Every structure is written in C-alpha cells, then in structure tokens.
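Single-structure report; data block below.
Fair warning: this is a prediction, and the values are worked out from it, not measured in the lab.
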Amino acid sequence: MARVRFIGPEPVTVPELGGREVQPDEVVEVPDARFEGYVCQPGTWESVEEPKSEVLPAPKKTAAKAPQKTEG
C-alpha cells in the first residue's frame, strides 16, 4: 500500500477509505492502484511512500543447445 499525507486545512471524510475522517497533516495508506488519484491533487495530498513496483521473477535461463553438425 502507498502512503499519502493530507495537506488540506480542515479534516475531510474520504469515502474511498471507508468513510474515514482524515485530519490535516495525517498520513494514510491508500491502495497502490489509486495512488495517482491522490497525488494528482497537489493542493490536497502529497506523496509519502510511492507504490511498490511489482517485481517480476527473472526469466529462467536454459543452456543453449549445441549447434547441429552437418555431414558433408
């Protein structure tokens, strides 16, 4: 989960957070997928911790096959 700080002047109720009241200068966790929806409002929210990028497993390496010999 990402974290953002509410920088507005008065408490607000955030329906997306279950109707939770958020106080000025309070840091809250928001779903990673919704992080951009908060920080695109720079007069209201600021980023504290960006979403963790999903780390994909490295592809499995396999040994290269030896070239085939041709008779000739």
Side-chain angles (χ1 to χ4, degrees):
M1 298 269 282
R3 297 185 329 149
V4 294
R5 175 179 285 114
F6 175 61
I7 56 175
E10 297 179 12
V12 294
T13 300
V14 182
E16 186 172 66
L17 300 177
R20 176 178 171 182
E21 184 174 84
V22 179
Q23 301 296 319
D25 202 40
E26 183 177 354
V27 174
V28 295
E29 288 188 342
V30 297
D32 289 351
R34 292 290 301 133
F35 174 77
E36 290 298 325
Y38 287 87
V39 297
C40 74
Q41 304 171 66
T44 308
W45 301 95
E46 71 180 6
S47 173
V48 172
E49 183 179 331
E50 294 187 9
K52 294 180 177 34
S53 60
E54 292 184 30
V55 178
L56 299 176
K60 292 182 180 180
K61 294 183 178 179
T62 57
K65 292 183 179 179
Q68 294 180 347
K69 293 183 182 179
T70 57
E71 293 182 33

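- For the residue pair Ala2 and Pro51, the shortest heavy atom distance occurs at CB-N, 3.8 Å.
- With a 4.5 Å cut-off on side-chain heavy atoms, Phe6 and Thr44 count as touching.
- In the displayed structure, Glu10 atom CD is contacted under 6.0 Å by at most 12 heavy atoms of other residues, nucleotides or ligands.
- Between Glu29 and Leu17, the shortest heavy-atom contact is O-CD2, 3.7 Å.
- Nearest heavy atoms, Gly37 versus Gln41: O-NE2, 2.7 Å.
- Taking the salt bridge (charged side-chain N to carboxylate O under 4.0 Å, His left out) definition, one finds that Glu49 meets it with Arg3, Lys52, sequence neighbours left out.
- When the side chain to side chain donor-acceptor pair (under 3.5 Å) test is applied to Glu36, no partner is found at least two apart in sequence or on another chain.
- Closest approach of Arg5 and Val27 over heavy atoms only: NH2-CG2, 3.6 Å.
- Applying the ring-ring contact (aromatic ring centres under 6.0 Å, His included) definition to pairs two or more places apart or across chains, those involving residues 13-39 are Tyr38-Trp45.
- Cluster membership check: Val14 does not share its hydrophobic cluster with Val48, using side-chain heavy-atom separations under 4.5 Å among Ile, Leu, Val, Met, Phe, Trp and Tyr.
- What you find for Pro24 and Pro11 is that their closest heavy atoms are CD-N, 3.8 Å.
- Contact detail for Ile7 and Pro42: the closest heavy-atom pair is CD1-O, 3.3 Å.
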